[in-house]
Amino acid sequence: MLKLLLFFKRIHFALLFLALEAIAIGVFLNGNVYQKARIAGISSRLVSGIYDKMADISGYFRLRAENDRLIEEIARLRSEITSRAYIDSLASGETDTLPSLQYYQYQPARVIRNSISKRENYLTIDRGALDGVEPGMALIGDRGIVGKVVRCSDHFAVAVSILNTKEFRTSGGIKGSDFAGLIYWDGLSHREVVLDEIPKYADMQIGDTIVTTSFSTIFPPDQPIGTIESFEIVNGTFYKVRVQLFTDLARIRHVYAVRYLDQEERRILEESVIGSAESGGIGKEGGES
């Protein structure tokens, strides 16, 4: 207590000065309408600025919820569009367009684990069997294909990434043409895959878009894969094409798990005729059957 009294004694002149200064400012403001209005304006702007910053911070923390809502809406619209197109084609009798309008359902998911630096890369998503995800479903990002689901628990699923040298194969073709080949990863770059077995008489140019085809029993047709970066003739018969991926797998955060509703019926039929060793894809679509 004594120390506190000694402290106040040392600063009592400063305290007295501050008190008198406060009184003087109060008298000045009360007697000067212009200064009073100016101070009020500054105070109002200061308070408004604080509220604006608080609103910005609150909005930032709501972005994730808003983003999830938009992704859910996109998935619903994609499913609805393919469903309506399929039904409209049946009603109009335009059966020649049915292969590209088969019915697919889209389920949004968040990527919670991912690898790109190994020879066999996988992704984990935050949706599982209780959410309707099951093995055999395709994973598609906003810009192109990502992988395929291979195993599920109740709340999570693991998928083979397109960046997998052993377990991923699918069909791909040049957009706007009938030429198709085999898409696979050779392990050289996480931004490139290979399109193989394209006939040498196929017309292609660097920059052409590569998409999935209706040969796939997993991916919807005409899904973007990437663009032609280079190509060369192999054994004088086929092109080997290097494709730059649209999707940067190192930065993928959100995907859609896609269910092909006729997948099982088609698989059983093809296996009953061709045999399981030859079913799927363009003659053979390794890893998809």
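These numbers come from the heavy atoms of this one structure, side chains and all, not from hydrogens, waters or symmetry mates. Because the structure is predicted, anything quoted here is derived from the model rather than measured.
The shortest distance between side-chain heavy atoms of F231 and K240 does not fall below 4.5 Å. A 4.5 Å side-chain heavy-atom check between V211 and T213 finds every atom pair outside the cut-off. The side-chain heavy atoms of L139 and V111, taken from C-beta on, include no pair separated by under 4.5 Å. At least one side-chain heavy atom of V133 sits less than 4.5 Å from a side-chain heavy atom of Q107. Here the side chains of V158 and V149 are not in contact, with every heavy-atom distance at 4.5 Å or above. Side-chain contact between V150 and P135 is absent, with no heavy-atom pair separated by less than 4.5 Å. For the pair D222 and S214, the minimum side-chain heavy-atom distance is 4.5 Å or more. Between P220 and V258, some side-chain heavy-atom pair lies under the 4.5 Å cut-off.
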Would I252 and L123 count as a side-chain contact (heavy atoms from CB on, under 4.5 Å) here? Give the steps.
CA-CA 10 Å; I252 193 74; L123 306 96; 4.0 Å; yes
Worked check of salt bridge (charged side-chain N to carboxylate O under 4.0 Å, His left out) between E192 and R242
CA-CA 7 Å; E192 296 178 357; R242 298 205 67 82; 3.0 Å; yes
Test R110 against D126 for salt bridge (charged side-chain N to carboxylate O under 4.0 Å, His left out), laying out the working first.
CA-CA 6 Å; R110 185 180 295 111; D126 65 346; 3.3 Å; yes
From CA spacing to verdict: salt bridge (charged side-chain N to carboxylate O under 4.0 Å, His left out), E134, R259:
CA-CA 9 Å; E134 60 186 33; R259 181 193 305 276; 3.0 Å; yes
Evaluate side-chain hydrogen bond (donor to acceptor under 3.5 Å, both in side chains) for E167 paired with Y122, printing each intermediate quantity in order.
CA-CA 10 Å; E167 298 183 57; Y122 298 87; 2.3 Å; yes
Tell me, with the steps shown, if L249 and V146 meet side-chain contact (heavy atoms from CB on, under 4.5 Å).
CA-CA 7 Å; L249 272 295; V146 174; 3.7 Å; yes
Evaluation steps, side-chain contact (heavy atoms from CB on, under 4.5 Å), between V255 and I125
CA-CA 8 Å; V255 293; I125 60 174; 3.9 Å; yes
Worked check of side-chain contact (heavy atoms from CB on, under 4.5 Å) between R267 and T217
CA-CA 8 Å; R267 184 188 64 80; T217 58; 5.9 Å; no
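Nearest heavy-atom pair, A202 versus I198, reported as atom, atom and distance to 0.1 Å: CB-CG2, 3.6 Å. The minimum heavy-atom distance between S171 and S216, with the atom names listed, is OG-N, 3.6 Å. Residue R143 comes nearest to F246 through the heavy atom pair O-CB, 3.2 Å, listed as atom of the first residue, atom of the second, then distance. For the pair R253 and A250, the tightest heavy-atom approach, listed with the atom from each and the gap, is NH1-O, 3.8 Å. Residues Y104 and P221 approach most closely at OH-CD, 3.6 Å, considering heavy atoms. Contact record, F168 with I162: CE2-CG1, 3.5 Å, taken as the closest heavy-atom pair.
Residue-environment remark: CG (N235) stays at or below the threshold of 12 foreign heavy atoms within 6.0 Å.
Taken to the nearest 0.5 Å, the OG1 atom of T209 stands 10.5 Å off from the CD1 atom of I225. Atoms CG and CG, on D208 and L195 in that order, are 11.0 Å from each other to the nearest 0.5 Å. We find the NE2-CG distance between H155 and L130 to be 5.0 Å, quoted to the nearest 0.5 Å. Considering CG of N164 and CZ of R119, their distance stands at 10.0 Å, rounded to 0.5 Å. Between atom OG1 of residue T247 and atom CZ of residue R191 there is a gap of 8.0 Å, rounded to the nearest 0.5 Å. The line from CG of D186 to CG of D196 is 10.0 Å long, rounded to the nearest 0.5 Å.
Shown are V193, I145, T227; of these, the side-chain contact (heavy atoms from CB on, under 4.5 Å) with L245 is made only by V193.
Grouping the Ile, Leu, Val, Met, Phe, Trp and Tyr side chains by contacts below 4.5 angstrom, directly or via other members, places V234 apart from V241. Criterion: ILVMFWY side-chain heavy atoms under 4.5 Å apart, direct or through other members. Under it, L188 and I116 are not part of a common hydrophobic cluster.
Taking Ile, Leu, Val, Met, Phe, Trp and Tyr as hydrophobic and joining them when side-chain heavy atoms fall under 4.5 Å apart, one finds I112 in a cluster with F156.
Sorted by first and then second residue, the ring pair (Phe, Tyr, Trp, His ring centres under 6.0 Å) pairs with a member in residues 172-206 read F179-Y201; sequence neighbours excluded.
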